[in-house]
Amino acid sequence: MKFAKMTEVAHYAPSQVITNDDLAEIMDTNDEWISSRTGIKSRHITYDENTSDLCIKIVKSLLEKSNYSPESIDFLIVATISPDSLMPTTATITQGKTGLVNAFAFDMQAACSGFVYALSLGEKLIASGRYQRGIIIGAETHSKTLDWNDRSTAVLFGDGAGGVLLEAATSQHFLAEKLQADGIKGTALASKSFYPKSPYSKKFEHNEKLLMDGRSVFDFAVREVPQNILATLELAGIEPNEIDYYLPHQANIRIIDKWPKKLKVDRDKFLVNLEHYGNTSAASIPILLSEAIESGTLSFGSGQTVLMTGFGGGLTWGSLIIKL
Ligand code: ACO
């Protein structure tokens, strides 16, 4: 039996910080509304970078930290819903610019569950025994896709990236997972579509901006995610309190605050940094992990057990339980 483990993590956020007060200067909103409804105080918004620029920083940082050569990486998966382009993918642009000449590379779209989905897939690639080493990145430049005239969505999101180095291991680190999807409810979160405009095809209706039924996404997250977490814990044979830290997708503090009560665990077990980042979709969990490693709260090789849980567009959601 083959196993995989995370051995390094890195994150990057554009240097430009936009506060709630800054947003109030360009749209009809205010710090009180945004803070009390979401917990967000500021977010990083890129001035001139595309998603691959963020990914390149992550790859370089992971290679530097690990001392591995670019040639030694077998695959690169980028989870994003704000790619540079549909083709070439953000992953291949990144691969080409970082010298990962032996890596296959592709993007994965699972919205805010993207990193959890991609990490799960990366683990299977290594557990298959065919690949030794891969990089999994969650990266977004949401600022280029948002409708800045729509205050109900523009205030929620931020730009950033995070990623991990995944390597073959001699013991089990990925203890359990449960990934889910419900396409029937997919219209609750929808963004620009690339539908054909051929004169020979039916023209489909499509929206040019992010549309979100905030209330139904909120209710979905509060209802479904704890059930998913409990199901994942049951698969691992672990009690909720035995998890050292929960790393939830950072969408809204009011959503996260409801989960500890449902799981009957200490609120301090849930790591949070959305105050300074907003919702960075696929990037939120690896940024959170990277900050927790930097601060010493978590460390690779410690034997700590963490549960990552993502949820978002699709609808998609899912959890992974990982021993560090
Ligand atoms: N500033 C000021 N007022 C605003 C703003 C704003 N930025 N945005 C909306 N409003 C107003 C609306 O116009 C509306 O006014 P009205 O009542 O006069 O019509 C009112 O505020 C809406 O308030 P509520 O319905 O009470 O807002 P709610 O408490 O539902 O909060 C929110 C909205 C924050 C979007 C919440 O529903 C939410 O967080 N939902 C989940 C969204 C989410 O997590 N999305 C991301 C997950 S998926 C992914 O990450 C891709």
Side-chain angles (χ1 to χ4, degrees), residues 1-12 51-52 54-80 83-84 87-110 113-139 161-179 232 235-236 247 282-283 285-287 289-290 293 300-301 303 305-306 308 310 316 318-324:
M1 184 121 182
K2 312 275 185 194
F3 301 104
K5 65 177 176 185
M6 297 185 292
T7 55
E8 290 292 352
V9 63
H11 74 282
Y12 168 77
T51 303
S52 65
L54 276 53
C55 293
I56 289 165
K57 287 198 158 51
I58 300 299
V59 170
K60 287 185 173 169
S61 175
L62 291 173
L63 292 176
E64 201 179 303
K65 287 180 180 196
S66 64
N67 230 357
Y68 287 134
S69 68
E71 296 82 10
S72 72
I73 304 298
D74 296 324
F75 62 86
L76 168 66
I77 308 175
V78 173
T80 184
D84 294 23
M87 191 170 61
T89 62
T90 303
T92 53
I93 295 168
T94 304
Q95 182 258 358
K97 291 185 176 175
T98 52
L100 307 186
V101 290
N102 295 313
F104 64 92
F106 63 96
D107 288 0
M108 174 184 275
Q109 279 197 41
S113 313
F115 183 76
V116 167
Y117 269 47
L119 188 55
S120 163
L121 180 59
E123 185 242 339
K124 309 297 173 296
L125 289 170
I126 289 179
S128 74
R130 297 231 164 103
Y131 306 100
Q132 293 296 307
R133 195 171 292 151
I135 291 176
I136 312 293
I137 297 176
V164 297
L165 183 68
L166 205 56
E167 295 189 71
T170 50
S171 59
Q172 188 175 14
H173 290 259
F174 286 73
L175 305 183
E177 68 175 47
K178 187 168 175 62
L179 307 182
T232 315
L235 287 170
L247 281 76
I285 292 174
I287 293 175
L289 174 67
S290 183
I293 295 275
F300 294 125
T305 306
V306 298
M308 295 178 179
T316 55
S319 302
L320 302 177
I321 298 177
I322 304 169
K323 193 185 263 292
L324 297 180

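Residue numbers count from 1 along this sequence.
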Considering all heavy atoms, the nearest Cys55-Thr94 contact: CB-OG1, 3.3 Å

Polar side-chain atom of Thr316 near backbone of Ala110 as donor-acceptor pair, under 3.5 Å: yes

Ala236 versus Ala176, closest heavy-atom pair with distance: CB-CB, 3.6 Å

Any pair counted as salt bridge (Lys or Arg N to Asp or Glu O under 4.0 Å), so long as it reaches residues 127-137, sequence neighbours left out: Arg133-Glu167

From CG (Leu166) to CD1 (Ile136), nearest 0.5 Å: 5.5 Å

Pairwise side-chain contact, Leu125 with Ile77, heavy-atom cut-off 4.5 Å (strictly under): yes

Full working for side chain to side chain contact (heavy atoms under 4.5 Å, CB included) between Phe300 and Thr7: CA-CA 6 Å; Phe300 294 125; Thr7 55; 5.7 Å; no

Interatomic spacing from CD1 in Ile285 to OG in Ser113 - rounded to 0.5 Å: 8.0 Å

Asp84 side-chain N/O to Ser52 backbone N/O, donor-acceptor pair under 3.5 Å: yes

Beyond-backbone contact of Leu324 with Val306, side-chain heavy atoms, under 4.5 angstrom: yes

Spacing of Ile322 atom CD1 and His173 atom NE2 [to the nearest 0.5 Å]: 10.5 Å

Leu165 side, atom CG; Ile73 side, atom CD1 - distance, nearest 0.5 Å: 5.5 Å

Lys97 backbone acceptor or donor facing Gln95 side chain under 3.5 Å: no

Check: Ala161 main-chain N/O paired with His11 side-chain donor or acceptor under 3.5 Å: no

Taking every non-hydrogen atom, the tightest pair across Leu76 and Ala103: N-CB, 4.4 Å

Contact check, side chains of Pro88 and Ile93, non-hydrogen atoms, under 4.5 Å: yes

Short side-chain to backbone donor-acceptor contact, Asp107 and Thr90, under 3.5 Å: yes

Side-chain donor-acceptor pair present, Lys124, Ser120, cut-off under 3.5 Å: yes

Close side-chain approach of Phe106 to Leu121, heavy-atom, < 4.5 Å: yes

Gap separating the CG atom of Asp74 from the CG atom of Asn102, nearest 0.5 angstrom: 7.5 Å

Least distance between heavy atoms, Gly134 atom then Ile126 atom: N-CD1, 4.2 Å

Residue pair Ala79 / Ala282: nearest heavy atoms and the distance that separates them: O-CB, 3.4 Å

Any Phe115 side-chain heavy atom under 4.5 Å of Met308 side chain: yes

Atom CD of Glu64: over 12 foreign heavy atoms under 6.0 Å: no

Atom pair CG/CD of Leu100 and Glu71 - distance to nearest 0.5 Å: 9.0 Å

Residue Lys2 excluded, over 12 heavy atoms near NZ under 6.0 Å: no

Closest contact, heavy atoms only, Thr98 versus Pro70: O-CB, 3.5 Å

